[in-house]
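For reference, the structure discussed in these notes is given below.
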2 protein chains.
Amino acid sequence: MSKVRSRIRNGVDSEQLFATLNIMKMEPDLAGFRFRALNRWIHGAHSRTTIREFYGAGEEDRSRPESFVLDSGEPTVLLGHDTGASPAEHLLHALAACLTTSVVYLAAARGVHLQEMESRLEADIDMRGALGLSENVPNGFRRIHLALTVKGEAPDVELRALVDRARERSVVYDMLSKAVPVVVEVSTE
Amino acid sequence: MSKVRSRIRNGVDSEQLFATLNIMKMEPDLAGFRFRALNRWIHGAHSRTTIREFYGAGEEDRSRPESFVLDSGEPTVLLGHDTGASPAEHLLHALAACLTTSVVYLAAARGVHLQEMESRLEADIDMRGALGLSENVPNGFRRIHLALTVKGEAPDVELRALVDRARERSVVYDMLSKAVPVVVEVSTE
């Protein structure tokens with residue numbers, strides 16, 4: 001019991017973590033993942049995404065007991081009915097969750113016990129871009145500001161180093177700060 | 001009743017839409033929005049974001065009746081416990097929902113009645129990047145493929161034009177395909 005407990009750091013099984021890293025190092029093909037999502041328009045600004053199966057570690061992964069269901073919407077002032085957070089707000093969640101997970105996994109690998117972590121995000125946008133009222137205004141956020149507070153059993157400098165390394169490794173941070181190719185294929189049947 | 005009904009196109013109040021566009025054109029300051037999110041780490045790959053108030057149209061908007069709560073996680077093979085879709089999957093949802101909303105609003109503005117829309121997304125990633133096993137592999141998706149099917153009471157060419165215009169205007173598509181500045185501020189207190 002105590003052996004099992006000591007393997008778990010910050011809720012991450014460090015033995016499984018190192019085993020995963022080793023196997024992907026030895027067999028790079030196992031590091032290839034394909035994620036999927038299906039979004040259906042419901043009404044107005046309301047659309048719903050279901051997410052479940054994916055390909056990874058060399059096989060179709062059907063281990064998730066059920067689909068995740070995510071609803072989107074817009075607030076009243078943006079012509080919606082608050083059927084969910086807006087797509088841009090979901091993006092903020094994706095960014096914060098990804099950075100946080102990266103810090104937690106890195107800390108587990110380095111043997112740092114974390115106590116708390118939270119991120120407050122603010123993002124400014126001029127809606128004239130997205131609403132087609134100006135060609136000179138970007139459609140997206142002007143910038144995203146993320147204030148991350150982390151507490152753990154390590155010196156300040158080590159905690160900051162964890163966050164710095166997490167930024168270098170975060171999947172979502174990487175895509176937002178460097179762009180990612182998006183291919184859109186349209187069918188009208 | 002029939003007048004009200006005819007104002008509503010695809011679930012969007014077209015009169016309110018044109019009024020919103022007009023007012024933001026006349027008073028550009030009203031187009032400035034600030035969205036916020038608060039993410040808290042829970043355990044392992046599980047973190048939770050709450051989203052509610054924002055600034056927009058010249059004031060703090062407190063009209064949402066409750067907070068939206070979004071949970072993240074990772075699948076077992078990536079050391080999580082499926083406490084939610086992964087951050088990268090949330091990003092796919094944000095992208096699809098944003099493109100869909102953009103098509104719906106544009107169609108409302110152009111008087112096109114839509115019947116159905118769905119998007120299937122697939123995104124490939126080599127996890128060696130995010131796991132720090134290779135410096136030559138990008139951390140994010142190699143690319144995102146989005147297959148969008150739309151049906152509506154308009155010729156094929158008009159429906160395709162709506163999607164093309166939505167891509168030019170989508171907030172999330174814009175940020176993913178062009179990058180966005182992300183400022184991270186760290187505190188260890």
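Each chain gets a letter, A, B and so on, in the order the sequences are listed, and its residues count up from 1.
- Between A/Asp82 and B/Pro65 the shortest heavy-atom distance is OD2-CD, 4.3 Å.
- For A/Ser134, the part sitting under 4.5 Å from any heavy atom of chain B is the backbone (N, CA, C, O) and nothing else.
- The minimum heavy-atom distance linking A/Trp41 with B/Asn10 is given by the pair CZ2-O, 3.4 Å.
- Smallest separation of non-hydrogen atoms from B/Ser86 and A/Arg64: N-NH2, 4.2 Å.
- Looking at B/Asp174, the atoms closer than 4.5 Å to chain A (heavy atoms on both sides) all sit in the side chain, from C-beta outward.
- With a 4.5 angstrom heavy-atom cutoff, B/Ile42 does not touch chain A via any of its atoms.
- The parts of B/Leu79 that come within reach of chain A are both its backbone and its side chain, each placing non-hydrogen atoms under 4.5 angstrom from that chain.
- Counting non-hydrogen atoms of other residues, nucleotides and ligands closer than 6.0 Å to CZ of A/Arg36 gives a total above 12.
- Within the 4.5 angstrom heavy-atom criterion, atoms from both the backbone and the side chain of B/Val180 approach chain A.
- In this structure, chain A has no heavy atom under 4.5 Å from any part of B/Glu66.
- Among all heavy-atom pairs drawn from B/Lys151 and A/Thr188, the shortest one is CG-O, 4.3 Å.
- The shortest non-hydrogen separation linking A/Ala179 to B/Ser177 is CB-O, 3.6 Å.
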> What do the steps show when you test B/Phe54 against A/Val77 for side chain to side chain contact (heavy atoms under 4.5 Å, CB included), and what is the final call?
Replying inline: CA-CA 11 Å; B/Phe54 61 92; A/Val77 71; 3.9 Å; yes
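- A salt bridge is defined here as a Lys NZ or Arg NE, NH1 or NH2 lying under 4.0 Å from an Asp or Glu carboxylate O, and B/Glu89 with A/Arg34 fails to meet this definition.
- The parts of B/Thr49 that come within reach of chain A are both its backbone and its side chain, each placing non-hydrogen atoms under 4.5 angstrom from that chain.
- For chain A, the nearby part of B/Thr20 is the side chain; its heavy atoms alone come within less than 4.5 Å.
- Contacts of B/Lys178 with chain A are made by backbone atoms alone, with heavy-atom separations under 4.5 Å and no side-chain atom involved.
- For chain A, no part of B/Asp29 is nearby; none of its heavy atoms comes within less than 4.5 Å.
- Ring orientation note: the planes of A/His90 and B/His93 are nearly perpendicular, at an angle over 60° on the 30°/60° scale.
- No part of A/Glu59 comes within reach of chain B, as not one of its non-hydrogen atoms sits under 4.5 angstrom from that chain.
- The contact between B/Tyr173 and chain A is made entirely by side chain atoms (from C-beta outward), counting heavy-atom distances below 4.5 Å.
- Interface residue B/Val186: backbone and side-chain heavy atoms are both found under 4.5 Å from chain A.
- Between A/Gly11 and B/His81, the shortest heavy-atom distance links the atoms O-NE2, 4.2 Å.
- Heavy-atom distances place the backbone of B/Arg142, and not its side chain, under 4.5 Å from chain A.
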